[in-house]
Amino acid sequence: MSERTEHAGREERLYWLHHLECWARPVLARLAEGRLRAEMPVESSGDGREAYTHLEAFGRLLDGIAPWLRAEGGSAEEQRLRTELLGLTHQALEQASDPASPDVLNFGEGHQPIVDTAFLCQAFLRAPHVLWDPLTDEQKQRWLSTWKLTRTRKPFFNNWLLFSAVIETALARFGDRDWDPMRIDYALKQLEQWYAGDGVYGDGPAYHADYYNSFVIHPMLLDVLDHAGALQPDWEAHKGPALVRAQRYAEQLERMIAPDGSFPVVGRSISYRTGAFHLLAQLAWQQRLPEGLDAAQVRGALTAVMKRCFEPAGTYDAEGWLRIGLSGHQPELGEGYISTGSLYLCATVLLPLALPENDPFWQGEAEWTSKRIWSGGHGRIDHALGH
């Protein structure tokens with residue numbers, strides 16, 4: 001491997017770490033000190049988002065950085081940053097769940113907390129040794145009770161079924177005897193009925209041209225099956241097909257990334273920015289990318305997307321908070337349910353930072369599919385599953 005390609009991997013890892021710190025510090029530092037509600041701005045075109053946006057920011061951010069928080073190694077500076085942010089995370093978890101805290105988060109009122117409790121539970125599932133194990137018995141019981149507050153409302157008949165399934169999976173994983181297998185079983189069986197083919201699930205009974213197969217569906221389906229699949233034989237049987245479908249959809253995501261790092265502006269929630277590539281980042285982190293998809297080319301593609309999404313002027317406000325948009329500040333791209341906290345789903349692109357510096361993901365250079373082909377290079381023909 002040439003010195004130039006080694007240097008590229010190191011530089012891109014530093015670039016990713018820079019974004020991790022940019023997104024994590026405003027949220028974690030304030031929540032750790034009980035200042036999040038007082039100081040976090042709430043940009044939204046909808047009404048009443050102040051009730052939900054703080055849990056959104058914390059749960060979605062932690063979902064993306066949890067694997068890195070549990071990782072080891074890296075440069076001295078990276079290890080220092082990890083130690084600091086993990087300490088802030090532990091303080092933030094206490095503030096978020098303590099009824100006496102000025103920043104106790106809303107888990108029990110409205111439908112939105114079902115969503116972001118699930119993202120928070122997914123973070124716990126992704127890094128139990130550093131998020132769950134250090135908690136006292138009292139704190140663990142408080143969190144189990146907190147997650148169950150979401151049961152007073154039912155999820156909508158779409159990808160939301162997986163939110164309830166992830167919450168129950170976390171309850172089962174962390175020893176709550178009251179976990180409900182039906183909430184997992186119903187989601188798995190219903191998603192199977194909504195499978196449209198070629199790696200794509202309908203978001204409910206109808207197909208939607210958007211990125212929810214990557215925002216939510218595949219990542220949560222895989223995590224439910226990884227952590228709860230062994231509890232029932234028919235759940236275990238879903239694992240193989242679910243992974244094959246996820247890998248196929250990841251192939252499509254990689255091919256959607258244009259040579260300049262842009263990608264199709266389709267569907268709702270486009271202001272989640274790099275959250276559109278949650279699944280691709282997850283499979284790279286878990287070293288489950290499909291055959292023929294090189295880890296280094298995925299790194300290059302995701303880095304290009306990050307540059308298109310976060311370098312334009314106006315992306316952040318003067319205090320470093322994300323603003324609504326896809327490439328800069330574009331408030332018209334935010335639906336009524338989008339607010340400042342929602343935007344931190346972008347952090348799921350950071351999942352591969354949990355891989356060590358010597359992993360193939362951070363080694364070498366490789367052009368992603370569209371960049372290679374549109375520059376006159378050679379690539380594989382794309383095929384649907386089963387063809």
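Keep in mind that what you see is a predicted model, and the values were worked out from it rather than measured.
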Centres of the [X] and [Y] rings: under 6.0 Å?
{"X": "W16", "Y": "W362", "value": "yes"}
{"X": "F58", "Y": "H54", "value": "no"}
{"X": "Y272", "Y": "Y211", "value": "no"}

Quickly, which of F124, W179, F107 forms a ring-ring contact (aromatic ring centres under 6.0 Å, His included) with W147? Name it, please.
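Only match with W147 under ring-ring contact (aromatic ring centres under 6.0 Å, His included): F124.
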Validation row: [X], [Y] side chains within 4.5 angstrom (heavy atoms):
{"X": "S342", "Y": "R60", "result": "yes"}
{"X": "C309", "Y": "F263", "result": "yes"}
{"X": "V305", "Y": "M256", "result": "no"}
{"X": "W321", "Y": "V27", "result": "yes"}
{"X": "R255", "Y": "L293", "result": "no"}
{"X": "K148", "Y": "D176", "result": "yes"}
{"X": "R273", "Y": "L322", "result": "yes"}
{"X": "V115", "Y": "Y52", "result": "no"}

Roughly how far, to the nearest 0.5 Å, is the [atom2] atom of [Y] from the [atom1] atom of [X]?
{"X": "D103", "Y": "Q95", "atom1": "CG", "atom2": "CD", "answer": "6.0 Å"}
{"X": "E12", "Y": "L17", "atom1": "CD", "atom2": "CG", "answer": "12.0 Å"}
{"X": "L191", "Y": "N158", "atom1": "CG", "atom2": "CG", "answer": "10.0 Å"}
{"X": "L280", "Y": "Q247", "atom1": "CG", "atom2": "CD", "answer": "11.5 Å"}
{"X": "L55", "Y": "N106", "atom1": "CG", "atom2": "CG", "answer": "7.5 Å"}
{"X": "T274", "Y": "L345", "atom1": "OG1", "atom2": "CG", "answer": "8.0 Å"}

Going through the checks in order, is the side chain to side chain contact (heavy atoms under 4.5 Å, CB included) test met by L188 and L221?
CA-CA 8 Å; L188 294 178; L221 186 57; 3.4 Å; yes
So, are [X] and [Y] salt-bridged, with charged N and O less than 4.0 Å apart?
{"X": "E77", "Y": "R80", "result": "yes"}
{"X": "R380", "Y": "E291", "result": "no"}
{"X": "R151", "Y": "E168", "result": "yes"}
{"X": "D294", "Y": "R299", "result": "no"}
{"X": "R30", "Y": "E39", "result": "yes"}

Please answer: with hydrophobic residues joined when any side-chain heavy atoms are less than 4.5 Å apart, are [X] and [Y] in the same cluster?
{"X": "V104", "Y": "M40", "value": "no"}
{"X": "V298", "Y": "I373", "value": "no"}
{"X": "L253", "Y": "W374", "value": "no"}
{"X": "V130", "Y": "L135", "value": "yes"}
{"X": "L231", "Y": "M182", "value": "no"}

Tell me if the [atom1] atom of [X] is crowded by more than 12 foreign heavy atoms within 6.0 Å.
{"X": "D47", "atom1": "CG", "result": "no"}
{"X": "E236", "atom1": "CD", "result": "yes"}
{"X": "E138", "atom1": "CD", "result": "no"}

If every non-hydrogen atom of [X] is compared with every non-hydrogen atom of [Y], which pair is closest and at what distance?
{"X": "P128", "Y": "F174", "result": "CB-CE2, 3.8 Å"}
{"X": "I270", "Y": "V266", "result": "CD1-O, 3.8 Å"}
{"X": "L81", "Y": "R25", "result": "CD1-NH2, 3.6 Å"}
{"X": "S271", "Y": "I338", "result": "OG-CG2, 3.6 Å"}
{"X": "W143", "Y": "A96", "result": "CH2-CB, 4.2 Å"}
{"X": "E43", "Y": "T340", "result": "N-OG1, 2.9 Å"}

Using the ring of F361 (Phe, Tyr or Trp, six-membered ring only), decide whether R13 places NZ or CZ under 6.0 Å from its centre and within 45 degrees of its axis.
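No, R13 and F361 do not form such a contact.
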Working note: T169 + I184, criterion side chain to side chain contact (heavy atoms under 4.5 Å, CB included); need CA distance, chi angles, decisive distance, verdict.
CA-CA 7 Å; T169 297; I184 299 175; 3.5 Å; yes
Would you confirm whether [X], through its side chain, and [Y], through its main-chain N or O, come within 3.5 Å as a donor-acceptor pair?
{"X": "T53", "Y": "E50", "answer": "no"}
{"X": "R82", "Y": "G73", "answer": "yes"}
{"X": "Q363", "Y": "E357", "answer": "yes"}
{"X": "E254", "Y": "A301", "answer": "no"}
{"X": "T117", "Y": "P113", "answer": "yes"}
{"X": "R126", "Y": "D63", "answer": "yes"}
{"X": "Y344", "Y": "T348", "answer": "no"}
{"X": "D203", "Y": "N159", "answer": "yes"}
{"X": "S164", "Y": "R183", "answer": "no"}
{"X": "R323", "Y": "G328", "answer": "no"}

Parallel, tilted or perpendicular: rings of F163 and W160 (30°, 60°)
perpendicular
Run the numbers on F215 and D210 for side chain to side chain contact (heavy atoms under 4.5 Å, CB included), then give the verdict.
CA-CA 9 Å; F215 290 144; D210 57 30; 5.7 Å; no
Checking Q287 against D359 for the side-chain hydrogen bond (donor to acceptor under 3.5 Å, both in side chains) test, could you report, in this order, the C-alpha distance in whole Å, the side-chain angles of both residues, the deciding distance, and whether it holds?
CA-CA 10 Å; Q287 300 179 314; D359 186 87; 2.6 Å; yes
For salt bridge (Lys or Arg N to Asp or Glu O under 4.0 Å), just list the numbers for K189 and E192, CA-CA rounded to whole Å, side-chain angles, deciding distance to a tenth of an Å, and then say yes or no.
CA-CA 5 Å; K189 286 183 166 59; E192 187 63 28; over 6 Å; no
Stepwise, does the side chain to side chain contact (heavy atoms under 4.5 Å, CB included) test hold for D185 with D234?
CA-CA 9 Å; D185 194 66; D234 57 327; 3.7 Å; yes
Audit row: K140, D133, salt bridge (Lys or Arg N to Asp or Glu O under 4.0 Å) steps and yes/no:
CA-CA 9 Å; K140 289 176 180 178; D133 291 353; 5.0 Å; no
From the options R245, H208, H218, select the one residue that forms a side chain to side chain donor-acceptor pair (under 3.5 Å) with Y201.
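When R245, H208, H218 are each tested with Y201, the side chain to side chain donor-acceptor pair (under 3.5 Å) holds only for R245.
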